[in-house]
Amino acid sequence: MNMLNILLMTQPAEGQGGLTSFIPLILIIVVFYFFMIRPQMKKQKELRKFRDELKKGDKVVTTGGIYGKVLEIQERAIIMEVEGQNRLKIDKAAVVKDMSDVAQK
């Protein structure tokens with residue numbers, strides 16, 4: 001049997017408190033926090049910082065896969081230029097990646 005089944009199947013003795021029966025549940029919550037919740041929060045914080053630091057001339061990609069260059073930054077939106085010198089006004093939340101760190105071919 002694996003360790004989790006052994007921990008869940010054991011019954012607390014007469015003198016033990018109810019805390020020992022909650023130890024496996026507490027351990028599962030701690031594991032979820034450190035392996036799932038915390039990394040996701042860190043990633044969201046980095047993305048928010050990236051969007052706040054956008055500046056004119058940055059090459060970006062939107063969530064829809066549109067590549068372009070930032071022309072103007074407004075409070076909640078940016079105006080970007082795409083191929084053919086077309087301009088698009090998009091929400092800042094739609095920008096997901098900076099293309100400056102992608103290797104030039």
Side-chain angles (χ1 to χ4, degrees):
M1 294 182 104
N2 64 20
M3 189 65 161
L4 184 60
N5 284 339
I6 293 171
L7 289 174
L8 293 176
M9 289 175 34
T10 58
Q11 297 293 324
E14 292 282 330
Q16 293 181 338
L19 182 62
T20 56
S21 63
F22 285 110
I23 289 176
L25 181 63
I26 293 170
L27 289 174
I28 291 171
I29 291 171
V30 168
V31 168
F32 268 99
Y33 177 76
F34 281 107
F35 288 107
M36 295 181 76
I37 297 170
R38 190 167 178 233
Q40 182 65 28
M41 289 172 43
K42 184 178 178 184
K43 186 176 179 181
Q44 287 176 347
K45 185 177 178 181
E46 289 173 0
L47 186 59
R48 189 178 319 115
K49 181 181 176 188
F50 163 71
R51 289 175 180 158
D52 290 339
E53 292 177 352
L54 279 174
K55 59 187 178 296
K56 186 177 178 179
D58 286 348
K59 293 182 180 180
V60 294
V61 178
T62 66
T63 55
I66 300 172
Y67 290 73
K69 183 171 74 171
V70 176
L71 293 180
E72 182 181 331
I73 300 174
Q74 300 171 350
E75 185 177 334
R76 296 195 45 95
I78 65 168
I79 302 201
M80 64 184 271
E81 181 179 32
V82 294
E83 192 172 333
Q85 304 200 346
N86 295 316
R87 294 177 178 208
L88 299 173
K89 181 176 181 179
I90 61 168
D91 192 40
K92 275 187 177 180
V95 178
V96 292
K97 192 190 291 185
D98 183 11
M99 296 308 296
S100 64
D101 46 331
V102 175
Q104 299 294 329
K105 292 185 178 180

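You'll find the side chain of V60 reaches within 4.5 Å of the side chain of V70, heavy atoms only. For the pair L71/R87, a side-chain contact is recorded, criterion being any heavy-atom separation below 4.5 Å from C-beta on.
Taking NZ of K69 as the start and CD of Q85 as the end, the distance is 9.0 Å to the nearest 0.5 Å. Residue I23 holds its CD1 atom at 12.5 Å from CD1 of I28, rounded to the nearest 0.5 Å.
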* Asked: Can you check side chain to side chain contact (heavy atoms under 4.5 Å, CB included) on T62 and M80, steps first, answer last?
  -> CA-CA 10 Å; T62 66; M80 64 184 271; 3.9 Å; yes

* Test L88 against I79 for side chain to side chain contact (heavy atoms under 4.5 Å, CB included), laying out the working first. => CA-CA 6 Å; L88 299 173; I79 302 201; over 6 Å; no

* Asked: side chain to side chain contact (heavy atoms under 4.5 Å, CB included) between R76 and D91: does it pass, once the steps are laid out?
  -> CA-CA 6 Å; R76 296 195 45 95; D91 192 40; 4.3 Å; yes

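For E83, the CD atom is loosely surrounded, since the number of other residues' heavy atoms within 6.0 Å does not exceed 12.
Hydrophobic clustering, with ILVMFWY side chains joined whenever heavy atoms are under 4.5 angstrom apart, keeps Y67 apart from V96.
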Show me, pair by pair, the donor-acceptor contacts under 3.5 angstrom made by side chains of residues 46-55, not counting sequence neighbours?
unit_1 : atom_1 : unit_2 : atom_2 : d
R51    : NE     : K92    : O      : 3.3
R51    : NE     : V95    : O      : 2.8
R51    : NH2    : A93    : O      : 2.7
R51    : NH2    : V95    : O      : 3.1

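Contact detail for A77 and K89: the closest heavy-atom pair is CB-CE, 3.9 Å.
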